[in-house]
> 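Attaching a single structure in structure tokens format; questions to follow.
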Amino acid sequence: MRSVPSVDIIRLGSRAPVTLPMRVTDDLVDMLKRFHPLYLNTHFNHPRELTPEAEAACRKLADAGIPLGNQTVLLRGVNDDPVLLADLFRRLLRTRVRPYYLFQCDLVRGVEHFRTPLSRGIEIMEYLRGRLSGLAIPAFVVDMPHGGGKIPLLPNYLISQSPTHTVLRNYEGLMVAYPEPYATVNASPAALTSAPVDPGVWHLANGQRNAIQPQGTARQHRRPRRPPQPNA
Ligand SMILES: *Cc1c(COP(=O)(O)O)cnc(C)c1O
């Protein structure tokens, strides 16, 4: 394959580091590293699969300069738990394996009992963001029926938009008005009217407030002296 000029990189997909880690020998990695740039995606589904032997296999591959990724399939009753997956992804990163994809279980005959609703994946992504380094957070993807390919799914972080401001929210529910480059020169007519009572998302989208902070989050204790400021 290396002799094909159009082949930029070679990516191996293998569960051997998980299920047959003793196969990852010095001889094997010495052979593999002659063919760089080489990537390897493996497939850990559960923290219990990260045995000392599996970790040693990953270490050997990473030491040979092979960037390692991981693809996990969401499986009902096996790993469809945000705390369990946070633990898996953190431990993978510590083992120098970058969590790459979290897959919705495919529509394959015979595995219906393993399928989770799409909402479970979204719920898990909601839990991970803000708790783990972005390096430990895979993309949640669903393989689109009819050959549509992979579709990444995320919780909604974009709350609202006007020409001058985009309203974003973070994992804690803090909503902030993000000013667009022309926020001051191209204010919409609505933003020029006086601010009605009962501030809400509309006021963020029109630049009349710059943040709305939920009560009762850890953020208030972390940042006691930095409450949202009224617009300058
Ligand atoms: C996911 C996938 C690939 C690789 O896709 P990347 O997003 O580049 O990792 C290639 N072929 C098939 C059939 C796939 O499902």
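Order of listing sets the numbers, starting from 1, for every ligand and every atom in it.
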> Report, as yes or no, whether the 6.0 Å neighbourhood of atom OH on Tyr178 holds more than 12 heavy atoms from other residues, nucleotides or ligands.
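12 or below, so no.
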> Applying a heavy-atom cut-off of 4.0 Å, say which part of Gln71 lies close to ligand 1: side chain, backbone, both or neither.
neither
> Does Tyr39 OH have over 12 foreign heavy atoms under 6.0 Å away?
no
> Can you find a protein heavy atom closer to atom 13 (C) of ligand 1 than 4.0 Å?
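Under the 4.0 Å cut-off, atom 13 (C) of ligand 1 has no protein heavy-atom neighbours at all.
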> Please state which protein non-hydrogen atom is closest to atom 8 (O) of ligand 1 and give its distance, to 0.1 Å?
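Answer, as residue, atom name and distance: Arg11 NH2, 3.6 Å.
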> Check whether the side chains of Gln161 and Thr166 place a donor and an acceptor atom closer than 3.5 Å, and report yes or no.
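Yes.
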> Does Arg2 CZ have over 12 foreign heavy atoms under 6.0 Å away?
yes
> Under a 4.0 angstrom heavy-atom cut-off, which atoms of ligand 1 come close to Tyr100?
6 (P), 7 (O), 8 (O), 9 (O)
> Nearest protein heavy atom to atom 3 (C) of ligand 1, by residue and atom, and its distance?
Lys150 NZ, 3.5 Å
> Any nitrogen or oxygen of Tyr101 lying under 3.5 Å from a nitrogen or oxygen in ligand 1? Just yes or no.
yes
> So does Met22 have more than 12 non-hydrogen atoms from other groups sitting under 6.0 Å from CE?
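Yes, the 6.0 Å shell around CE holds more than 12 heavy atoms from other groups.
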